[in-house]
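Notes for the one structure printed next.
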Amino acid sequence: MLILASLAAGPKHGYAIMSDIEAFSGVAVGPGTLYTAITRLVEKKLIVPKETPGRQRPYEITRSGASLLTTQLQEMQHVATAGLERLRLI
Amino acid sequence: MKLRESVIGLLLRAYPAAWRREFGAELEEVLLHSQLGAPAIVNVIAGAFGERVLNLIRRITIGGEMADQTFGAHHDRMTQIISGSAVVLLVAIPLMAIRSGTVAIVLALFSAAAIALAYGYSPRGFEISDGAFRVKRLMGDVVFPLTSLRFVRDANPADFRGSVRLWASGGLFGYYGLFWSKALGKSKWYVTDRSKAIVLTNGSQTVLVSPEDHDGFVAAIERADAGISAPSAESADTGRRFINIAGFAIRIVGFAIGGLGLAIGAAALLYAPGRPPVDLTGDALVIHSRFCGMTVPASSVDAAHVRVVDLQTESGWRPTMKTYGFDNPHYRAGNFRTANGQAIKLFTTGSERLVLLPPSSQDGLPVLLDVDDPDQFAARIRQEWSIQ
């Protein structure tokens with residue numbers, strides 16, 4: 001989901017995704033973990049590589065990837081709201 | 001810098017070749033620009049291990065891994081019926097012989113080996129990658145260079161009519177191996193669905209395959225034939241070498257397991273230690289046996305009724321089924337059932353005359369023991385233990 005969230009802002013290659021995730025979430029994703037996740041996301045057609053001449057292909061979130069990200073973020077938001085309400089923080 | 005590149009190269013080689021072709025260059029770039037400490041190295045190795053495990057699972061389940069083009073191997077109805085029936089039969093035969101102990105073990109080993117080998121060598125899928133066409137199998141892939149492979153035509157019923165198996169499976173998990181038929185002559189088949197079979201030629205050889213996606217496969221072969229997907233000689237060699245090594249290793253492990261199984265089966269069948277040595281004291285009888293050796297306390301035996309049983313005249317005492325222990329034509333030791341349904345402890349080399357030690361209570365089990373001189377031994381027990 002972190003990768004999908006990173007790509008929601010626009011296409012990025014592997015290293016840029018790693019840096020972006022660390023910047024917006026504080027989570028340091030290892031290169032092995034990153035490419036395992038990228039492989040699965042490509043297989044599920046949630047992201048697609050864009051063909052470029054360089055060695056680093058940028059990835060782009062697909063429509064189904066964006067849809068899945070939206071659903072998951074809404075669910076998280078629902079849970080977060082419920083938790084904060086119970087803590088009387090909102 | 002060179003050391004760093006070498007380490008990265010090694011790390012990348014931990015991934016499956018097909019994965020490297022797709023993502024290798026990118027990961028290399030990421031690693032070149034990242035801090036390459038121990039956590040990153042461990043992380044990459046873990047990722048590579050995960051990909052290899054996933055590839056192995058895919059090979060086992062669908063016969064495919066990430067490749068330029070992978071085609072499944074669907075089994076037609078006849079193959080499913082033959083495979084299902086053969087597996088049921090191979091499982092049922094040892095079960096039917098379960099009463100005969102070692103024979104059942106040998107039959108079970110044979111059945112397991114037959115199923116494993118037939119499954120291991122059956123086509124699990126087809127792959128076009130690295131300038132080669134591979135028939136994916138658990139026990140080593142069959143590799144044909146694409147440069148020499150040509151699509152001839154779709155197979156037709158005449159190709160299969162009157163076919164003779166020269167060294168092949170005729171339906172158990174597919175039709176694969178060396179066949180002869182009037183229409184094709186001597187040919188190699190890797191077919192699981194005859195309705196989708198395709199005739200290829202490998203220069204001197206005729207090859208039949210049956211990829212699930214018939215049209216996609218033919219298009220891929222024809223593209224390769226036209227030189228559209230030019231192979232990288234180096235990567236083709238590397239991939240082939242890896243597949244050959246993996247296939248060889250799998251074969252070695254398979255043969256080792258099979259050999260070990262046969263050795264254990266043969267040893268179990270031939271084991272003949274002779275009559276078990278015994279130590280008789282005033283308190284107990286110690287029966288020394290590698291399998292189920294035991295100490296029989298004098299108090300647990302109805303000593304006055306210790307006697308010799310002749311199995312020819314008292315066939316009800318004949319052991320018919322092992323419930324626990326060891327049983328082969330030369331030696332039986334452990335818990336058995338007799339012809340009249342009695343549970344007993346038995347130690348015999350197959351003699352007809354055995355010493356019977358009846359239990360002193362209803363909870364105990366009778367012991368049937370093979371000794372050199374049964375009459376003398378029974379008399380000795382009666383004498384030594386009855387006094388007490």
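Note that the structure is a prediction, hence the values are computed from the model and not measured. By convention in this document, chain letters (A, B, ...) are assigned in the order of the sequence lines, proteins followed by strands, and residues within each chain are numbered from 1.
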What orientation do B/Trp19 and B/Phe23 show, parallel under 30°, tilted 30 to 60°, or perpendicular over 60°?
tilted
Does CZ belonging to B/Arg153 count more than 12 external heavy atoms closer than 6.0 Å?
yes
Between B/Thr79 and B/Thr192, what is the shortest heavy-atom contact and its length?
OG1-O, 3.2 Å
Ring centers of B/Tyr190, B/Tyr176 separated by less than 6.0 Å:
no
Would the distance check show the side chain of A/Ser6 and the main-chain N or O of A/Leu2 forming a donor-acceptor pair, the cut-off being under 3.5 Å?
no
Can the ring centres of B/Phe133 and B/Phe217 be said to be less than 6.0 Å apart?
yes
Are the charged groups of A/Arg40 and B/Glu51 less than 4.0 angstrom apart, N to O?
yes
Name the region of B/Leu27, side chain, backbone, both or neither, that has any atom closer than 4.5 Å to a heavy atom of chain A.
both
Could you check whether B/Arg134 makes a cation-pi contact with B/Phe144, meaning its NZ or CZ is under 6.0 Å from the centre of the six-membered ring and within 45° of the ring axis?
no
Can you check whether anything in residues 57-69 of chain A gets within less than 4.5 Å of chain B, heavy-atom wise, and list it by number?
A/Arg57, A/Tyr59
For B/Glu212, what residues pass the salt bridge (Lys or Arg N to Asp or Glu O under 4.0 Å) criterion, not counting sequence neighbours?
none
Heavy-atom pairs under 4.5 Å with chain A: which of B/Gly24, B/Ala25, B/Ala48, B/Gly50 has the most?
B/Ala25
Taking a cut-off of under 4.5 angstrom between non-hydrogen atoms, the residues of residues 21-36 of chain A near chain B are A/Gly30, A/Pro31, A/Gly32, A/Thr33, A/Tyr35, A/Thr36
For B/Phe173, what residues pass the ring-ring contact (aromatic ring centres under 6.0 Å, His included) criterion, not counting sequence neighbours?
B/Tyr119
